[in-house]
Structure formats: C-alpha cells, structure tokens
Amino acid sequence: MEEHKEENKYEGLNLPNYNIPEDIQNVVSITTIDRLYNWGRRWSVWPLMFGLACCAIEMIAAQTARYDMARFGMEVMRPTPRQADMMLVSGTVTKKMLPSIIRLYNQMPEPKYVVAMGACASSGGPFKEGYNVVAGIDKFLPVDVYIPGCPPTPQALIAGMMKLQEKIDKQSIKKVRWYEKGKNDSNYVPMPILGPDLIDVRRNAEYKEAAAKKEGAA
Amino acid sequence: MTAPASTQTVDLVARFPDSVTADTRPGFSGFIVKKENLVEVATAIRDEFGFDLLSSVTGVDYLAENMMEVVYHVHRTTGGPGLVFKTQVERVDPVEVPSLYSVWVGADFQEREAWDLLGIKFTGHPDLRRILMWEGFEGHPLRKDYKEGFFEEETKPFKSRWPDGHHNYVEFKNPYRDNLIFPEGFDPDNYTPKNEDDLYFSLERSSMKKAEGDLNTDHIVVNMGPHHPSTHGVLRVAVELNGETITSLKPVMGYLHRNHEKIGERNTYLQIMPYTDRLDYFNSMANNFGYAIAVEKLMNIPVAERAEYIRVIMAELSRIQNHFIFIGMLINDLGSMYTPSLYAFEERELILDIFEAVSGARMMCNYFRFGGVVRDIPADVLQKIKDLVFDRLPAKIDEMERFLNENEVLVGRLKGVHVLNAEEAIRHSVTGPVLRAAGVPYDLRRADPYSVYDRFDFDVAVRHNGDMYDNYLIRFDEMRQSLRILEQALKQIPEGPINSQKPQYQVRVPAGESYGRIESPKGELAYYLVSNGKPNPYRYHVRAPSFINLTAVETMCKGVKIADFVALLAMFDIVMGEVDR
Amino acid sequence: MYGKGILKGLSVTWKRFWDTYLDDISWWVRGKKRYYTTEGVAHRSSKDARGIFTVQYPEEQLIQPEEFRFVPFLVFDGNEENKEVRCTSCGICAKVCPPQCIWIVRTNDPNTGKPVPQPAEFYVDMDICMNCGFCAEYCPFDAIKMDHEFAIASYDRNVYNLEKLLKPASYYAEIRPLNYNKEEEARKAKEAAKAAKAAAATQAA
Ligand code: SF4
Ligand code: SF4
Ligand code: SF4
C-alpha cells in the first residue's frame, strides 16, 4: 500500500491545488458541544436528489422500503442544492455533465459532504478510458467517502453512509475547514469549461506548457 | 403476420440495376447503393417494398480501405426479416452522404449521432448538430484514428498488465495527466467556449410561433435538466413556451455518454458482455440477451435447449420488474410521490433476489454466455421463481390495478392526452409499448421470433387510442402476457446442459456482420456487429430503443402543456444509460 | 360516482397498513421472532412477504445467496504464517478482465530468469473493478474468487495489493460451501487419476 500512497500524492493526481483536510488523521479533543453538534448532524444528512447513472438506481433502491435509509435520517432527498448536506455522486461523471455538478456543489451550503458512490464516481470505473469520462470526481471535488462496487448494493451504500457518520463524529467545530478564519474559501471550485476537451481552469498554465511541448515534439 | 419469411426477400438489384449492387464481401449481406441515388432507392424501399420502419442507421469507418460506410437496417411493421442497405463514400473530409430524414424521420437522431461520432455529414438534414458530445469538441471519437487521452493500446488485453504489471495510474502516461487531449498549441487562456446558439436557433426554427397568428406574445425558453428530478436521469430539454404551452422543444443528451461503443470496439467479444449490463441498467438480462444473439448469429453456434428457456425466463422477469418500476415512476412524475413506487420496488426487490441468486448481482447480471448461460438455476431458486410467478406476481399486478387504474385523478391526468398515433410512431421509428399502444401490433417476439418465443402461446398487447392512459394500461397487459410466457416456460423447461460451448474466454468469431435484435421492455434493442476475424469486434453499435424513441418527443410535445410534458416523457420509459450509451 | 376509484385505491393502502400490524401480531402469537432472526429475514424476502418489508441493515442483513459477488479476493491454502497462495500468475484473469484493472507481476527465478508460478505482486484497482466475476469464472486454479464482503467503503481510493487481497481457503469455504466442495471434489478426483496413472506407469516399468 505504501507505494500507492506515494503515487496518490504524486503532484496532485487528485485535487490539484486543493488542501486535503487532515481531520481524519488528527482527531483533537472532542468537546461536549462538538458531540451534540455532530450528533445532530449525523442523523440528518440530507442528500441532494441527484442521480447520474446506474448507481442512482441502487441509491433509489436504498431509499425504498427494504433498506429504508430513513432510519438514518437520510430520506429527505432535496431537489435543490441549497437545502442539501451531502452530494451523493452516484454514477459516471462525464465531461459534459461535470460543469453542472460543480455548479450544484458550489451552491450547497456548508458543511457539505461528497460521497463517491461506485467505481465510476471514485475513479472513472469501467468507463475510465472513455473520451467523455472524468476519471473520478475527486479530481474536482473533495470526496469524503469512497464506496467501491459496481454498483454498490444498497447495503453497501448504507455501510458507506455509516462511514460518513463516523467521519462526522470525529469533526470538531474548531477544526473543520469551513469555520476556519483567515483562509479564502478553499471549498469553492471554479467551473470547468467545455472546450476542445474539458478545461480545468485551475490548470491552464499546465495545459499550455504541455501543449507547447507536444508541438515542439511534433 | 403476413407472408412467411422466405417469400419476402427483396431483389433491389433487379429494380435498380444501375445504382444498386449486392454486398458480396464474405459474411456480409444486403445491398450497396450509390450515394447519388440513395434517396430515390430509399423511397422505393419504403413505398414499393413496404419497409416502413427504419430500425437503425450507423456508420462504419474502414480506415484501411479509406472508406466510410453508412449502414441502414429497415423492417416492416407487419413482421418478417429486415433489409440491409449501405452506401459507401471515400473517407476524405468532408464525408458527405445524403440524409434520409425526408424518407424516414426516424433517421433524425441517428444521423446526428453518426455525424457527431464518425463525422459523416448528412446533406439535407435539417438540424445537423452534435448530439452526444458538446459543440466545440474536437474530433469525431468513433473514427478509428481517434485516440482518447487514456488510450493505451488498440485492443485488450493490454500488455502492461501481465507479466510485468506494476500498478500504475493511467494518468501518468498522458501529457496532461488526465483523460484529455488538446490540439497542438492550444492556449486555454484565450479560448472562448462555443455558446449554445445553435441549439437555440434550432429551437427557434422549429417553433410554432408563426402559426399562431398576430397576437404578439412573448415566448420564453426554459431549460429543464440535466439535474432535474423528473427527467429520469441526466436528460436536458430546452423548451420554448408560450404561457404554459410548449411551442418548441429540443432534447439535449450526452450527459451520460460513456463511450460504450468505443470501449466495446477495444474489448474482446466476451468482455463486452458486462458492459452491455450498463446500457439499460434496469434490464441487464435483456441487454445480455440481445448481445448474445448478435454474437451467436455471427459465430453460427446453437444455444443449449435449457439455456434458451432460462434466457426467456430471465428476460420476462426483467420485463415485469421494469414495468412495475415504470408505473411507480410515472406516478412519481405525475406528482404523487412515493407510495406507488414503494409498492413497485417491493416486487422489484423480490425479482432482483432471483437475479442475484442465479447470476450473483442484483442489477449487473452478466449472466449470458455465447451458446448458453453461466450457470444453471439452482433448484431452490427455480422454486422461488415458481412461487413468484404462480402465486405472488399475479396478485400484485391485480393489486396495483385496483390501487391505481380507476383513480379519478390519475385517469383525469392521463385519459385523452394524445401521445402518438400509429403513423407518427412508425415514421419516427418508435418501437416498444408506445408503438403498440398506438395500435400497431409490432412485437419482435412475434414479428421476427428469436430464441424459443415461437413455442409459447401469448398475445401481443395492443391498445388503440394512443393516449397516455392506453400507454399506461398496456404495461399491465404486457406484464400479464409475460406471466403467461413464464408459466409455460417454467412448465416446459427441459433438463440438460446450459451451454452448447465449452467455457472459454477467447471466442473465435469469423469475419462478417450481424444484427441481433430483441424486444426489450423499452422497444427494439439491437446490436450491430462487424467482425474482421480478430478477437475484438471491428464495429460495435447499439441500437438503443430509448434513444431512438426520443426522436418523436418533439413532435409529440408541441402544443401540450408543460405539466403534461414530464408525464409524456415518462411514457417512453427512457433510461439514460441507453440513450447516451 | 366520482371518488370511487380513489377510495378503491385507498383500500389497498389501508390493507397494507393493517398488514404491518397483523403480520407482526401473527408472528408474536406463534411465539416466533420476526425481527433480527434469519427466519424473519427469510420471510420478508419470500413470496409471502407482507407487512413490514424492511431489513434493518446493519442490525440484520439480507441473506446472501451463494453466488453473490462483490469484489474479487485471492485464496490461499495453509495458515496465516505460511500462506500457500493458489495463484500461479498465469495471467488469465488479467487478460479477461474487461476494464483491465488487474495488475500482476510474475515472479522470476533470480538465478535462471525463468518464471516461477507465484505472483510477486498482485493489484486489483477496486475503483475500476466492475464486479463482473470473469476473473473468478475463468481462473483455472480456483485462485481468485468473488467476495461477499461489501462494507468496504473507505476514505481513500482503493487499490488492493496482494496482502489485502489474500483470504484463507476456509473463508472461501464458508461463503461458498457448494462451490468449494465441488471444486475440492474435482481436485481430489484429478489427483487420484494422476496417482493412478503414475502407479500404472511404475507398474509398467
Ligand atoms: S460504478 Fe458501475 S453501476 Fe455505478 S455508475 Fe459506474 S458503471 Fe454504473
Ligand atoms: S488468479 Fe488465477 S487466473 Fe489470475 S493469474 Fe492467478 S492463477 Fe492465473
Ligand atoms: S470482477 Fe471483473 S472487473 Fe473486477 S477484477 Fe475481476 S474480471 Fe476485473
């Protein structure tokens, strides 16, 4: 695993220019207020009503009678991002769709969580090699929980949601990034542009350089 | 059904000796039509020979021969085998072929797709824009010389995986460290993205504004989607409204375009099988079925007797759960959230339990193999299927009917809202329940029987009004007929092997082409395969019913109220995985 | 009468509502537990299911059929200290895998340079794996199998290496008893045939 960890950090394979919060590694003392606050949040994570592909069907199945996510306070699917706490990226993220997803994310109020459901959302999945597929939503949004599987069964989804709850438990008002003062809003993700290919505006300089190099080589 | 299949062969060459030749390449069939005479010949095929339904239009890029070929499959709605004709052009840009939009309107989206992905320009097409990719995208991805950012090798398996497969993210191989390619010297800072003027112009062009007389009213354009809770996934629709009435409408798709065909052409024949699961993700069994038939046709192998029955059982169970979900989702779209769909999902879960027990996965079954299926149905599961089919499902369908069918609000919303009439439906290449609800008894299980469907006694469900209520009721009829088939299949299922071939991961497929089609719950699902004898298909095309049915959505929705539009769209029972592929 | 259809529909909901209580009561009367027992879960997934349909994961779990598949794992014989990995790094699974998410490094004998039937490294990228089951289906050595464990969500991407992939044969026997027994029998039969052949050869000589 060591090797892969190192590669993962490799000059921003994921999340260029994005500070991955260390809140999982360094758990500081959790005060009573935190506990109360987290208890409230963990049982009312409202997902954004938002489905992309096959995984979305399993997400819907998880909301129905047999699995009943309402037991976790997650049944209130909000069609508007303004009222949602969690974006469940359920399916293949295509380049064409990506700007809409980013716009939705930017409109969500904090605290907000992103869960990558299924192989596609985690890293492109079986369609990774496709020309219209984004190799993982984590290239653009900070993903909190990855749920492998294609599709994850509703039970696997619920297991992933419990993982998210655990993460929420460990957060502290003082430490979480959206209350930290003095920093610019690191959560804002600039909108990518659909050009000849997908343009991630944060990486413009890099593209220019690589395109120039290619031209030189050609 | 009309005359038996054998008398229906058509001799196009005799009719057009100057412009048509027979396709004589080994393994290929059909006719090659000169590009100049295409429209004339096509009109004759439609009017003289009676092939009224254009099933599929697609292109093949023969890079080595420096040739582009457009392949048309046409059928008669009265049944019988189809007719294939092709036209060949030199592969020099601009590749131009006359559009058949004027002959079959159903060519609309398919020609746009061929333009988008293969760069074949259809002259005379009224609205030739990109359809799956966005305007401004560079290149035509299905061409054989197009290589995407994460391109590794021409075909799978990739050599880097074994015996020296040190794990490596594919990102590191691309200069942009991502799945991207840019033209040479590309400067992102000075790039102005293409706006969507084309879309709005086209919306304007087809608007009914002028027909409405002199009253000067403002029309507004509304974009619904791609994130819209009632469009069944990531479909976007641009509508122009006059008050609440739709005056013009254009669906915009491609938000789930996952490059199924490009990846498929790199996969081996077997590797495509699990990918087909992800087309219409409600009915992976049906998708497997169609693909297996297409490859078996090409390989010319028989299917084990028991496996045929297992296939039919699975496909029909799949249809039942699909229609249950359809009903639930339709009611959701009409605004009554949840209760009916929760009831529907209960039955679906029970059917998925069966799929899980036989194939291992609930949704992505990957259950069919060439010549049969993966594994037999265990005895206890067979019992469970019998329990469901003989006991539970008939009662549940009745319950659903009692629950909804007479509900005045539902009837009020559905009855009399016109969907499509027979002629419109056929012209737009609409298939499946929508076509049958318009009074055309076209069901491939009867019209061109595949597998063992000819052994079962069942009726093709037809309704005649073509309104929403009929479209809704026909789903119940079809579930009933599926149950009838299931009852017979479960009684008749023989013992024996479940595969006529030895299990093998590399199949030998002779060169040639094949077109395998089945009646999926959404309509006619077909696969077009071109093989050149290698382990990977040279061309792999999916004729997706949801995608082609959408061709009619514009005609259908003009003049209706926006509130009905969502329900009208629900009638087509589209699945984005299949629309965008 | 307007409203008759609605009432008829409501009677269905009404019946369903009472069913939830009646079914619970009938179980209680019979002195059986409807919740948190295998029997109860089985009832809720059978044709007679009525009333409450929910299976309250994680307290109780759906009964997984033997063939259920999630992600692949590698089987080893022997014990934790001395793992005899069944895989011979023949590479068939890597070849057949549709999204090409299996990476295998074959061991080479350091002296002769010839391949040794042992994988030096084995990776499966679980974020690409499409759970198709081909690797397990076509492995000629029964070395890679599909897992039943699905609660594997994590805070990071998931690339599993050899260490993380290996699970004992006993675990395999536990989750897929029928398959395991079938394979063991086939293997024994094969070994017996081999021994018989060898015996025949020595006799002949
Ligand atoms: S992970 Fe699998 S099931 Fe989920 S969206 Fe991707 S292909 Fe579909
Ligand atoms: S797991 Fe099986 S198929 Fe894969 S390399 Fe090992 S022995 Fe061969
Ligand atoms: S299950 Fe399928 S996708 Fe996953 S590793 Fe095995 S062959 Fe590859």
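Note that the structure is predicted; figures quoted are calculated from it, not measured. Chain A is the first sequence line, chain B the second, and so forth, proteins listed ahead of strands; every chain is numbered from 1.
- If you measure heavy-atom distances from Phe151(B) to chain A, you find no contacts under 4.5 Å at all.
- Nearest heavy-atom pair, Pro196(A) versus Phe137(B), reported as atom, atom and distance to 0.1 Å: O-CD1, 3.4 Å.
- Taking a 6.0 Å sphere around CH2 of Trp43(A), one finds it holds more than 12 heavy atoms contributed by other residues, nucleotides or ligands.
- Residues satisfying the salt bridge (Lys or Arg N to Asp or Glu O under 4.0 Å) criterion with Arg103(A), sequence neighbours excluded, are absent altogether.
- Of the listed residues Asp280(B), Leu132(B), Val575(B), Asp353(B), the one with more heavy-atom pairs under 4.5 angstrom with chain A than any other is Asp353(B).
- For Ile101(A), no part lies under 4.5 angstrom from a heavy atom of chain B.
- Proximity to chain A involves both the backbone and the side chain of Tyr255(B), based on heavy atoms less than 4.5 angstrom apart.
- Formation of a donor-acceptor pair under 3.5 Å by the Asp197(A) side chain with backbone atoms of Ile181(B) is found in this model.
- When all heavy atoms of Cys54(A) and Met363(B) are compared, the pair lying nearest together is O-CE, 3.5 Å.
- Among residues at least two apart or in separate chains, salt bridge (Lys or Arg N to Asp or Glu O under 4.0 Å) pairs with a member in residues 336-350 of chain B are Arg66(A)-Glu349(B), Glu346(B)-Arg16(C), Glu347(B)-Arg392(B), Glu349(B)-Arg362(B).
- Contacts between Tyr343(B) and chain A at a heavy-atom distance below 4.5 Å are absent for every atom of the residue.
- Between Asn132(A) atom CG and Leu117(B) atom CG the span is 10.0 Å, to the nearest 0.5 Å.
- In this structure, NE2 on His257(B) lies 10.5 Å from NZ on Lys95(A), to the nearest 0.5 angstrom.
- Of the listed residues (Val134(A), Ile193(A), Thr94(A), Leu98(A)), the greatest number of heavy-atom pairs within a distance under 4.5 Å of chain B belongs to Thr94(A).
- Only the backbone of Met253(B) comes within less than 4.5 Å of a heavy atom of chain A; no side-chain atom from C-beta onward does.
- Note on Ile57(A), Leu48(A), Ile60(A), Leu52(A): by heavy-atom pairs under 4.5 Å with chain B, the leading option is Ile57(A).
- Residues Leu198(A) and Trp134(B) approach most closely at N-CZ2, 4.2 Å, considering heavy atoms.
- Counting all heavy atoms, side chain and backbone alike, Asn179(B) lies closest to Val133(A) at ND2-O, 3.3 Å.
- Inter-residue side-chain proximity for Arg278(B) and Cys150(A) is flagged as met; some heavy-atom pair is nearer than 4.5 Å.
- Within the structure, salt bridge (Lys or Arg N to Asp or Glu O under 4.0 Å) pairs that include any residue of residues 259-268 of chain B comprise Glu129(A)-Arg266(B), Lys144(B)-Glu265(B), Glu148(B)-Arg266(B), Glu261(B)-Arg539(B), Glu261(B)-Arg581(B), Glu265(B)-Arg539(B) (at least two apart or interchain).
- Contacts of residues 67-76 of chain A with chain B at a heavy-atom distance below 4.5 Å involve Tyr67(A), listed in sequence order.
- A centroid separation of less than 6.0 Å is found between the aromatic rings of Phe127(A) and Tyr275(B).
- Shortest non-hydrogen contact noted between Leu342(B) and Thr64(A) is CD2-CA, 3.6 Å.
- Pairing each heavy atom of Asn259(B) with each of Tyr131(A), the nearest pair is ND2-N, 2.8 Å.
- The candidate from Gly51(A), Ala56(A), Pro151(A) with the greatest count of non-hydrogen atom pairs under 4.5 Å with chain B is Pro151(A).
- The side chain to side chain contact (heavy atoms under 4.5 Å, CB included) test with Lys96(A) singles out one residue from Asp580(B), Val252(B), Val234(B), and that residue is Val252(B).
- Separating the CZ atom in Arg236(B) from the OG atom in Ser100(A) is a distance of 8.0 Å, to the nearest 0.5 Å.
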